[in-house]
A.B. asks: 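Below is a structure I'd like to ask you about.
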2 protein chains.
Amino acid sequence: MDKKELTKYSNAEQCPVRNVVDRIGDKWSLLVLLLLEEGEVMRFMEIQKAIETISQKMLTVTLKALEADGLVERTVYPQIPPKVEYKLTERGKSLLPHLHGLVTWAVENMNNIRESRKQFAS
Amino acid sequence: MDKKELTKYSNAEQCPVRNVVDRIGDKWSLLVLLLLEEGEVMRFMEIQKAIETISQKMLTVTLKALEADGLVERTVYPQIPPKVEYKLTERGKSLLPHLHGLVTWAVENMNNIRESRKQFAS
DNA sequence: TCTTTGAGTCACCAAAAGTAACTAAAGAAC
DNA sequence: GTTCTTTAGTTACTTTTGGTGACTCAAAGA
């Protein structure tokens, strides 16, 4: 993408960058995707217990969005109490290597970034 | 990062994933970083004109955050009207390849994702 | 009959993002 | 010598997003 293309995209819903970042960049999606990669198939409650600080509502919203984008597949077993399983789709799996790149960078640079923030605050 | 580590990080400000995603995942940071990579050195107004839909306030906030994290360097020329230049630091540059991975995936998958969303809505 | 269970939804409150109008001070235009 | 323009912001206000706790449904177990 050159500069013109970037500019062209910057204001539109057409922008691929914005489309992905809006989805990945929310508070929970990335964490859920990384978790599903480990867990392969997980139930709603399993995911919630793993993430701990996520509320039921936000997990519902997050999973629905990931499903809508075809990154996660939802399987309902018609039982009571309900049983719903989630797993990555092929598309979801294809995204993960790129996320790992970010995560690796994050882990490597986190301490320096924290230092910078401290200095900047003073 | 294995599952336990992920879980451990999930609730804390210590979480490197969250730390990076919180910064990169906001509405504008990624776009500004990609733009600065192209432009090398840019003034405040140049960036705003390039992104078009960003407000002055949000650009100020975004640049300040990127500066605080040591991803972008700010140079003020004591003139009136003011002149302030922004450019990537080495740390900022080191992040960009990982962002390109994401952007490439986004461009490749955008159409399919849009299709999925349409189907899901119905 | 009463409680527990899993996967949600609903009404409400807090935080973040967005908007429009404002500021400062110099130089140019009239 | 008053007015206009320019740049990089800030401020007050509104809207959108995120988060919380209580609630639901229907079956199984005590």
Side-chain angles (χ1 to χ4, degrees), chain A residues 10-13 15 17-32 35-36 39 41-69 72-87 120, chain B residues 10-13 15 17-32 35-36 39 41-69 72-87 120:
Chain A
S10 66
N11 61 345
E13 289 182 359
C15 173
V17 178
R18 188 69 65 69
N19 263 271
V20 165
V21 171
D22 279 0
R23 182 73 4 125
I24 293 317
D26 70 6
K27 215 159 179 177
W28 304 108
S29 294
L30 205 157
L31 224 46
V32 169
L35 197 63
L36 281 178
V41 178
M42 294 181 83
R43 296 181 63 173
F44 186 92
M45 274 296 143
E46 278 186 276
I47 301 174
Q48 209 202 347
K49 271 169 197 151
I51 300 190
E52 287 183 1
T53 51
I54 195 172
S55 66
Q56 282 181 312
K57 178 192 152 187
M58 286 317 293
L59 183 52
T60 302
V61 169
T62 302
L63 286 169
K64 213 173 267 176
L66 292 174
E67 193 196 352
D69 280 9
V72 155
E73 194 189 318
R74 182 169 177 270
T75 313
V76 182
Y77 298 84
Q79 309 176 350
I80 283 168
K83 177 176 176 182
V84 180
E85 284 182 345
Y86 292 91
K87 64 173 180 179
F120 188 80
Chain B
S10 66
N11 62 345
E13 290 183 359
C15 174
V17 179
R18 189 69 66 66
N19 263 272
V20 165
V21 171
D22 278 0
R23 182 76 359 129
I24 292 318
D26 71 4
K27 218 159 178 177
W28 304 108
S29 294
L30 204 157
L31 224 46
V32 169
L35 196 63
L36 281 179
V41 178
M42 293 181 82
R43 296 180 64 174
F44 186 92
M45 275 295 144
E46 276 186 277
I47 301 174
Q48 210 203 345
K49 271 169 196 151
I51 301 191
E52 287 181 1
T53 52
I54 196 173
S55 66
Q56 284 182 313
K57 178 193 152 189
M58 286 317 294
L59 183 53
T60 304
V61 169
T62 302
L63 286 169
K64 214 175 267 177
L66 292 173
E67 192 196 353
D69 281 9
V72 155
E73 194 188 316
R74 181 171 177 270
T75 314
V76 182
Y77 297 84
Q79 310 175 349
I80 282 167
K83 176 176 176 182
V84 181
E85 283 182 345
Y86 293 91
K87 63 174 182 177
F120 189 80

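In the text below, chain A, chain B and the rest are named by the order of the sequence lines, each starting its count at 1. Atom set for the values below is all heavy atoms of this structure, side chains included, hydrogens, waters and symmetry mates excluded.
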A.B. asks: Does anyone know the first and last nucleotide of DNA chain C in reach of chain B, 5' to 3', at under 4.0 angstrom to a heavy atom?
C.D. replies: C:dA17 to C:dA26
A.B. asks: Need two values: the first and the last nucleotide of DNA chain D, 5' to 3', having an atom under 4.0 Å from any heavy-atom of chain A.
C.D. replies: D:dG18 to D:dA27
A.B. asks: With a non-hydrogen cut-off below 4.0 angstrom, is B:Y77 in contact with a base, only sugar-phosphate, or nothing?
C.D. replies: nothing
A.B. asks: Of A:I54 and A:I80, whose closest DNA chain D nucleotide lies nearer the 5' terminus?
C.D. replies: A:I54
A.B. asks: From B:M42 CE over to B:E85 CD, what is the distance, rounded to the nearest 0.5 angstrom?
C.D. replies: 11.0 Å
A.B. asks: With heavy-atom distances below 4.5 Å as the criterion, would you say the side chains of A:I54 and A:Q48 are in contact?
C.D. replies: yes
A.B. asks: Can you give the donor-acceptor pairs under 3.5 Å from side chains of residues 57-65 of chain B to other protein atoms, not counting sequence neighbours?
C.D. replies:
from, atom 1, to, atom 2, distance (Å)
B:T60, OG1, B:Q56, O, 2.9
B:T62, OG1, B:M58, O, 2.6

A.B. asks: Drop me the distance from B:L31's CG to B:I51's CD1, to the nearest 0.5 angstrom.
C.D. replies: 4.5 Å
A.B. asks: Count the heavy atoms of every other residue, nucleotide or ligand shown that sit under 6.0 Å from NZ of A:K83, and state whether that count exceeds 12.
C.D. replies: yes
A.B. asks: Taking atom OG1 of B:T53 and atom NZ of B:K27, what is their separation to the nearest 0.5 Å?
C.D. replies: 8.5 Å
A.B. asks: Quick one, which residues of residues 56-66 of chain A touch DNA chain D with a heavy atom under 4.0 Å?
C.D. replies: A:K57, A:M58
A.B. asks: Give, for atom CD of A:E46 and atom CG of A:L36, the distance between the pair rounded to the nearest 0.5 Å.
C.D. replies: 10.0 Å
